[in-house]
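Below is one structure, written out as structure tokens; comments come after it.
Nothing here was measured: the structure is a model prediction, and the numbers come from that model. Proteins come first, then strands; the chains are lettered A, B, ... in the order of their sequence lines, and each starts at number 1.
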Amino acid sequence: MRITLDLEIKDVPGELIKVLHPISDHGGNIISIVHNRDKSTPRGRVPVKITFEIDRKLFEGVMRDLKDREIDIIRVGEQRLLEKKTVLLIGHIVHTDLTDTIDRIDSTGFAEVVDLQLTMPDLNYPSAALVTVSATGKKELGKALEILKDVGKKKKILVIEPVET
Amino acid sequence: MQRIVLVGCGVVGQGFLEIISRKRNILKRMGLDFRIVGVIDSSGGVIDENGIDPLKILEIKKRGNLPEGIRFEDVINSVDFDIGIEVTPTNPDTGEPGLSYIKAMIERGVDVITSNKGPLIVAYKDLMRLASKNGVQFKFEATVGGAMPVISLVERSLAGNQILSIEGIFNGTSNYILSRMEKELLPYSQVLLEAQELGIAEKDPTFDVEGIDTAGKLVILANAIMGIDAGIKDVEITGITGITTEAMDLAQRNGYAIRLIGEANREGQLKVSPKLIPRFHPLALDGTLNAALIQTDLAGEVFIIGRGAGKIETASAILSDLISIST
């Protein structure tokens with residue numbers, strides 16, 4: 001998952017590194033650091049905004065370590081669904097229980113179908129749907145698309161993925 | 001002086017004869033002197049150690065068949081030559097008869113050029129080993145992407161780079177059908193008929209539209225430029241016959257094209273399938289063109305586009321291999 005922390009640190013050397021250690025120690029991948037020295041608070045502290053990606057299970061450890069180091073945490077924000085991809089489905093999408101197909105993605109807890117456009121030609125002809133799947137990370141999105149392809153195979157629905165680059 | 005034997009005198013073989021004659025003066029200025037000493041095909045052949053005029057062979061073919069009686073065995077056993085050009089029809093299952101011809105010529109110690117995918121799909125590694133054991137060159141630029149110089153681009157111009165992945169359009173017939181379906185919103189069956197009438201699709205289009213041709217080219221690229229030891233059975237293949245007009249329309253209204261893409265990555269995954277392609281992506285091509293998007297570790301992304309088939313285009317790739325062997 002991707003976390004954004006708003007912190008305030010003392011304006012003395014070595015403070016920023018004190019914040020970064022707990023993140024890297026727990027395997028977090030830092031995406032961005034904004035160190036706002038121009039906007040110091042009335043208490044003379046510097047606001048810092050750090051965005052990083054980390055395994056959900058390991059995040060608690062980061063928070064514990066930050067608290068142990070007496071870092072002022074102003075706000076913790078989680079961006080949930082970060083990655084998305086659009087795929088095209090061709091087949092008997094409605095008659096093979098569309099709700100079930102969507103549920104298979106939504107029930108994962110890490111991915112959701114966030115958009116769906118459906119065209120239905122004459123009865124008995126295959127329909128087409130453009131489906132956008134959103135997930136908490138790249139790995140999760142890959143897993144969700146695997147599930148969709150697997151469902152597609154069982155329901156004889158052709159799943160057309162986007163090009164990688 | 002280099003003595004050439006041409007094995008196969010169909011469309012590609014005749015294209016080669018045409019351009020070797022047309023480019024005679026340019027080749028001479030490059031210090032190259034090619035002499036054709038044998039031409040054979042399934043009906044017969046001509047042998048002359050003093051040289052055969054390519055235009056004479058084209059005249060004979062225009063009227064009918066090459067004289068009966070001369071077979072490949074006669075050439076391999078009795079004619080002295082330096083380079084064999086093998087352009088017989090592709091058989092993706094056995095590689096024959098091209099595979100046997102190529103092996104015999106390599107074992108005979110001559111350099112070999114082919115435009116035939118079959119032997120490479122079936123026995124890439126064996127052929128490369130055999131060529132290296134016999135100290136001869138074996139070139140096959142014409143097998144992938146026709147005149148689009150993808151193999152020599154990687155081997156020469158991108159030398160030193162590691163190829164991370166390659167994805168591309170390697171079958172002009174499928175690309176023509178998909179881009180026509182998209183433009184006119186006509187059903188697959190109707191566009192296929194149109195393509196057959198124009199000579200873009202074969203009477204039995206299975207090889208092209210089911211992705212087998214693309215898979216074959218992908219196998220050659222994976223072996224030749226990515227060092228992946230793979231055969232056609234290692235490719236996950238989905239063709240284009242299931243694409244409906246409604247699907248095409250839906251994709252188009254949302255800014256996507258659908259094209260048959262062959263892709264190979266460093267993990268050795270090989271896949272041929274229709275893909276959604278953003279309208280302004282370089283692979284959203286129309287018509288019979290071929291293209292490849294190559295990811296490299298040093299040069300980054302390299303994109304190449306060209307004519308994937310055609311008599312003269314394919315012969316151009318053969319001529320380029322011939323010049324490269326001889327200089």
Side-chain angles (χ1 to χ4, degrees), chain A residues 83-96 98 101-102 105 111-135 138-139 141-165, chain B residues 164-169 178 181-182 185 187-188 211 236 238-267 269 271-285 291-296 300-303:
Chain A
E83 298 286 341
K84 63 176 186 181
K85 251 185 195 177
T86 299
V87 297
L88 182 66
L89 310 183
I90 306 174
H92 294 289
I93 298 162
V94 181
H95 299 289
T96 54
L98 178 60
T101 307
I102 296 171
I105 303 295
E112 285 169 22
V113 171
V114 295
D115 190 58
L116 188 142
Q117 291 181 54
L118 184 71
T119 57
M120 291 169 64
D122 300 347
L123 209 66
N124 295 328
Y125 275 94
S127 39
L130 204 61
V131 177
T132 305
V133 178
S134 215
K138 265 204 169 73
K139 218 168 63 190
L141 184 60
K143 270 192 221 161
L145 291 181
E146 282 308 314
I147 293 172
L148 194 58
K149 280 195 278 182
D150 197 45
V151 172
K153 215 173 262 172
K154 282 178 192 138
K155 296 186 176 180
K156 294 197 174 119
I157 295 171
L158 177 62
V159 179
I160 300 182
E161 292 178 85
V163 273
E164 290 298 324
T165 44
Chain B
L164 307 177
S165 70
I166 181 158
E167 53 188 341
I169 294 167
L178 290 174
M181 280 177 74
E182 177 185 276
L185 288 180
Y188 167 80
E236 187 190 325
T238 310
I240 62 165
T241 53
I243 311 281
T244 60
T245 316
E246 290 75 23
M248 206 50 127
D249 187 32
L250 185 59
Q252 197 179 186
R253 278 189 280 121
N254 285 275
Y256 293 104
I258 301 174
R259 295 290 182 269
L260 186 67
I261 301 293
E263 51 187 324
N265 63 24
R266 223 169 15 152
E267 286 77 47
Q269 286 166 325
K271 193 172 163 188
V272 174
S273 64
K275 289 250 169 174
L276 278 181
I277 303 175
R279 202 70 202 90
F280 296 105
H281 190 283
L283 287 173
L285 285 180
L293 187 57
I294 304 163
Q295 304 277 352
T296 69
E301 277 184 2
V302 178
F303 182 66

Any donor-acceptor pair under 3.5 Å from B:Gln252 side chain to B:Glu182 backbone: yes
Counting only heavy atoms closer than 4.5 Å, note whether B:Ile258 contacts chain A via side chain, backbone, both or neither. side chain
Which answer fits B:Arg259, side chain, backbone, both or neither, if we ask what part of it has an atom under 4.5 Å from a heavy atom of chain A? neither
I'd like to know whether A:Ile105 forms a side-chain contact (heavy atoms from CB on, under 4.5 Å) with A:Ile147, so could you lay out the CA-CA distance, the side-chain angles of the two residues, the decisive distance to 0.1 Å, and finally the verdict. CA-CA 7 Å; A:Ile105 303 295; A:Ile147 293 172; 4.3 Å; yes
Crowded around B:Phe303 CZ? As in, over 12 foreign heavy atoms under 6.0 Å? yes
Decide side-chain contact (heavy atoms from CB on, under 4.5 Å) for B:Leu250 and A:Leu118; before the verdict, give the C-alpha distance in whole Å, the side-chain angles of both, and the deciding distance to 0.1 Å. CA-CA 8 Å; B:Leu250 185 59; A:Leu118 184 71; over 6 Å; no
Please state whether the side chain, the backbone, both or neither of B:Thr238 comes within less than 4.5 Å of a heavy atom of chain A. side chain
With a 4.5 angstrom heavy-atom cut-off, is it the side chain or the backbone of B:Thr244 that approaches chain A, or both, or neither? both
Working for side-chain contact (heavy atoms from CB on, under 4.5 Å), residues A:Val131 and A:Thr101: CA-CA 11 Å; A:Val131 177; A:Thr101 307; over 6 Å; no
A quick test of your reading: do over 12 heavy atoms of other residues, nucleotides or ligands sit less than 6.0 Å from NZ of A:Lys149? yes
If you apply the rule side-chain contact (heavy atoms from CB on, under 4.5 Å), what do you find for B:Met248 with B:Leu178, and how did you get there? CA-CA 9 Å; B:Met248 206 50 127; B:Leu178 290 174; 3.9 Å; yes
B:Lys275 bridged to B:Glu263 by N-O distance under 4.0 Å: yes
For chain B, find its close neighbours in residues 83-95 of chain A: heavy-atom separation under 4.5 Å, sorted by number, or none. A:Thr86, A:Val87, A:Leu88, A:Ile90
Under 4.5 Å, counting heavy-atom pairs only, tell me which of B:Gly242, B:Pro274, B:Pro282, B:Ser273 racks up the most with chain A. B:Pro274
